[in-house]
Number of protein chains: 2
Amino acid sequence: MLINELSKITGITAHTIRFYEKSGLIKGKRDETVKSNNYFHYDDETVEKLELIRDAKSVGFTISEIGELMDAWYNNKITVEEKVAVLDEKLISIDERIKQLKQMKKMISQFKKDVIEDNC
Amino acid sequence: MLINELSKITGITAHTIRFYEKSGLIKGKRDETVKSNNYFHYDDETVEKLELIRDAKSVGFTISEIGELMDAWYNNKITVEEKVAVLDEKLISIDERIKQLKQMKKMISQFKKDVIEDNC
DNA sequence: TACAAGTATAGACTATACTCTAATGTTGTA
DNA sequence: TACAACATTAGAGTATAGTCTATACTTGTA
């Protein structure tokens, strides 16, 4: 598929998709048999990748972290050990974030309690 | 205390503290009895606020969200209902983030399992 | 008193992650 | 065939959150 279809399927603008391509997160292929243009063609794996990018971004991963994560999953040039190491690192950072969020939740709940008790 | 002491206590640079002041997150007081300078003076509440800013930032809150949160806690110009509304909103967004993080954790765990099973 | 250290303000610079514009060329349909 | 819609690249612009520099004045200590 071409960029516009990819954009429609994922809900990510063509501009942003090109930005991700330049950032090395996804890679379109050019059809060598067609000489009249140099349009990029994308496959279903790219759709998957863009969905992963969106999910990972929503939990606070940066572009470069997402790059590492996708390399660990899609790139066959790195070893199993290296892949597992990257994935473990991400799992640890997620656990830390969950822990911090729970602390923040506790703090805000206490704020709320204090606000209600002091003023009613 | 002056900005340098505040910086030492909190571990936040004077530059960043001034940035937070310009952003409206904290507010120093000027000593009207001193005419020779216009140094800002900070109290313990500012130390508390800077610690809250650091914690809230670490879980992904933006400066403006932190501003709302601190208004709900420190500002007596808004009603109890408004404060509770802001705090509830933050609690909901934290729960959403935790939910998303748990999903991401599940996905990465599955990646890891697949990587190990397919390659060993 | 000299001078190092501290303070304030304005504004320039950086990094991340887009977002948009301009210029130019290609494709598909009335 | 005209022309709207789509594609590419380069590069400019935006927002967020700092980070740093320059300039100028003040304070504390040898």
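Computed from a predicted model, the values in this text were never measured in an experiment. So you know, we letter chains A, B, ... as the sequences are listed, proteins then strands, and number each from 1.
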Student: Could you tell me whether the side chain of Met70(B) reaches within less than 4.5 Å of the side chain of Asn75(B), counting heavy atoms only?
Tutor: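 No, side chains not in contact.
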Student: Is there a side-chain contact between Leu6(A) and Ile12(A) (heavy atoms, below 4.5 Å)?
Tutor: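 No, side chains not in contact.
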Student: Between atom CD1 in Ile17(A) and atom P in dT19(C), what is the gap in whole Å?
Tutor: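 Checked: the CD1 to P distance equals 12 Å.
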Student: Taking OP1 and OP2 of dA17(C), is either one under 4.0 Å from a side-chain nitrogen or oxygen of Ser23(A)?
Tutor: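 Negative; the distance criterion is not met.
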Student: Which residues in residues 54-62 of chain A have a heavy atom closer than 4.0 Å to any atom of DNA chain D?
Tutor: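 Heavy-atom contacts with DNA chain D come from no residue of residues 54-62 of chain A; none.
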Student: Would you please name every residue forming a side-chain hydrogen bond (donor to acceptor under 3.5 Å, both in side chains) with Asp95(A), sequence neighbours left out?
Tutor: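 Expected list: Lys105(B).
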Student: Quick check: closest heavy atoms across Asn38(A) and Arg30(A), and the distance to 0.1 Å?
Tutor: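 Nearest heavy atoms, Asn38(A) then Arg30(A): O-NE, 2.8 Å.
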Student: At 10 degrees resolution, what angle do the end axes of the helix from dT1(C)-dA30(D) to dA30(C)-dT1(D) form when each is taken over five base pairs?
Tutor: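 One end's axis against the other's: 10°.
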Student: Between the protein and nucleotides 28-30 of chain C, list every N/O to N/O distance that falls short of 3.5 Å.
Tutor:
none

Student: Answer whether the closest heavy-atom distance between the side chains of Ile17(B) and Ser7(B) falls below 4.5 Å.
Tutor: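 Sidechains of Ser7(B) and Ile17(B): in contact.
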Student: Starting at CD1 of Ile3(B) and ending at P of dT19(D), how long is that distance when rounded to a whole Å?
Tutor: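 My rounded result for the distance is 14 Å.
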Student: Mind checking whether Asp88(A) and Ile108(B) have side chains closer than 4.5 Å, heavy atoms only?
Tutor: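 Not touching, per the 4.5 Å side-chain cut-off.
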Student: Return the 5'-most residue of the pair His41(B), Asn37(A) with respect to DNA chain C, ranking by each residue's nearest nucleotide.
Tutor: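 Between the two, 5'-proximity favours His41(B).
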Student: Would you say Thr16(B) places a side-chain N or O within less than 4.0 Å of OP1 or OP2 belonging to dT19(D)?
Tutor: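 It does, given that an N or O in the side chain of Thr16(B) lies less than 4.0 Å from OP1 or OP2 of dT19(D).
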Student: List the steps and the verdict of side-chain contact (heavy atoms from CB on, under 4.5 Å) for Lys102(B) and Ile98(A).
Tutor: CA-CA 8 Å; Lys102(B) 283 182 177 167; Ile98(A) 290 174; 4.0 Å; yes
Student: Dump the pairs, protein N or O against N or O of nucleotides 21-25 of chain D, anything under 3.5 Å, distances to one decimal.
Tutor:
none

Student: Closest approach to the side chain of Asn4(A), judged atom by atom: which nucleotide of dT7(C), dC6(D), dT27(C) is it?
Tutor: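 Of the candidates, dC6(D) comes closest.
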Student: Sorted by first residue and then second, give each salt bridge (Lys or Arg N to Asp or Glu O under 4.0 Å) pair with at least one member in residues 36-52 of chain B; sequence neighbours left out.
Tutor: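 Residue pairs passing salt bridge (Lys or Arg N to Asp or Glu O under 4.0 Å), neighbours aside: Lys29(B)-Asp43(B), Glu45(B)-Lys49(B).
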Student: Contact between Tyr42(A) and Ile26(A) at the side-chain level, heavy atoms closer than 4.5 Å - yes or no?
Tutor: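 A side-chain contact under 4.5 Å exists here.
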Student: Glu65(B) has an atom CD; how far is it from atom C1' of dA17(D), in whole Å?
Tutor: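 About 14 Å, once rounded to whole Å.
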Student: If a pair satisfies ring-ring contact (aromatic ring centres under 6.0 Å, His included) and one of its residues is in residues 65-93 of chain A, list it, with sequence neighbours excluded.
Tutor: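 Output for this query lists Trp73(A)-Phe111(B).
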Student: Round to a whole Å and report the spacing from NZ of Lys27(A) to P of dT8(D).
Tutor: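 Atom-to-atom, Lys27(A) to dT8(D), this comes out as 13 Å.
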Student: When the distance from OH of Tyr20(B) to P of dA17(D) is rounded to whole Å, what number comes out?
Tutor: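 Rounded to the whole Å, the gap is 9 Å.
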Student: Consider the side chain of Arg18(A), meaning its heavy atoms from C-beta on, and name the nucleotide among dA17(C), dT8(D), dG18(D) that approaches it most closely.
Tutor: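 Within the option list, the nearest is dT8(D).
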Student: For DNA chain D, find the residues of residues 5-14 of chain A with a heavy-atom distance under 4.0 Å and give them by number; none if there aren't any.
Tutor: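 Correct list: empty, so none.
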Student: Between dA17(D) atom C1' and Ile66(B) atom CD1, what is the distance in whole Å?
Tutor: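 In whole Å, dA17(D) C1' lies 10 Å from Ile66(B) CD1.
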Student: Applying salt bridge (Lys or Arg N to Asp or Glu O under 4.0 Å), can you list everything that pairs with Asp55(A), at least two apart in sequence or on another chain?
Tutor: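 If we apply the salt bridge (Lys or Arg N to Asp or Glu O under 4.0 Å) test to Asp55(A), skipping adjacent residues, there are no hits.
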Student: Rounding to a whole Å, what distance do you find between Lys29(B):NZ and dA8(C):P?
Tutor: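 In whole Å, dA8(C) P lies 14 Å from Lys29(B) NZ.
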Student: With sequence neighbours excluded, give me every salt bridge (Lys or Arg N to Asp or Glu O under 4.0 Å) pair touching residues 4-18 of chain B.
Tutor: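 Checked against salt bridge (Lys or Arg N to Asp or Glu O under 4.0 Å) - neighbours excluded - no pair reaches residues 4-18 of chain B.
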Student: Is the closest side-chain heavy-atom distance between Ile3(B) and Phe40(B) below 4.5 Å?
Tutor: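 No, their side chains stay 4.5 Å or more apart.
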Student: In the hydrophobic cluster built from side-chain contacts under 4.5 Å, what are the other members alongside Leu2(B)?
Tutor: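 Other cluster members: Tyr39(B).
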Student: Nearest-Å distance, CZ (Phe19(B)) to P (dC20(D))?
Tutor: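 Those two atoms, CZ and P, are 14 Å apart.
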Student: Measure the shortest side-chain to side-chain distance between Val86(A) and Asp71(A) over non-hydrogen atoms and say whether it is less than 4.5 angstrom.
Tutor: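 Not touching, per the 4.5 Å side-chain cut-off.
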Student: Name the closest nucleotide to the Arg30(B) side chain, picking from dT26(C), dT19(D), dA8(C).
Tutor: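 Nearest listed nucleotide: dA8(C).
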Student: Do Glu65(B) and Lys90(B) make a side-chain contact, defined as non-hydrogen atoms from C-beta onward lying under 4.5 Å apart?
Tutor: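 They are in side-chain contact.
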Student: Name all residues meeting the ring-ring contact (aromatic ring centres under 6.0 Å, His included) criterion together with Tyr20(B); count only those two or more places apart in sequence or in a different chain, and write none if there are none.
Tutor: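 ring-ring contact (aromatic ring centres under 6.0 Å, His included) check on Tyr20(B) returns nothing, list empty.
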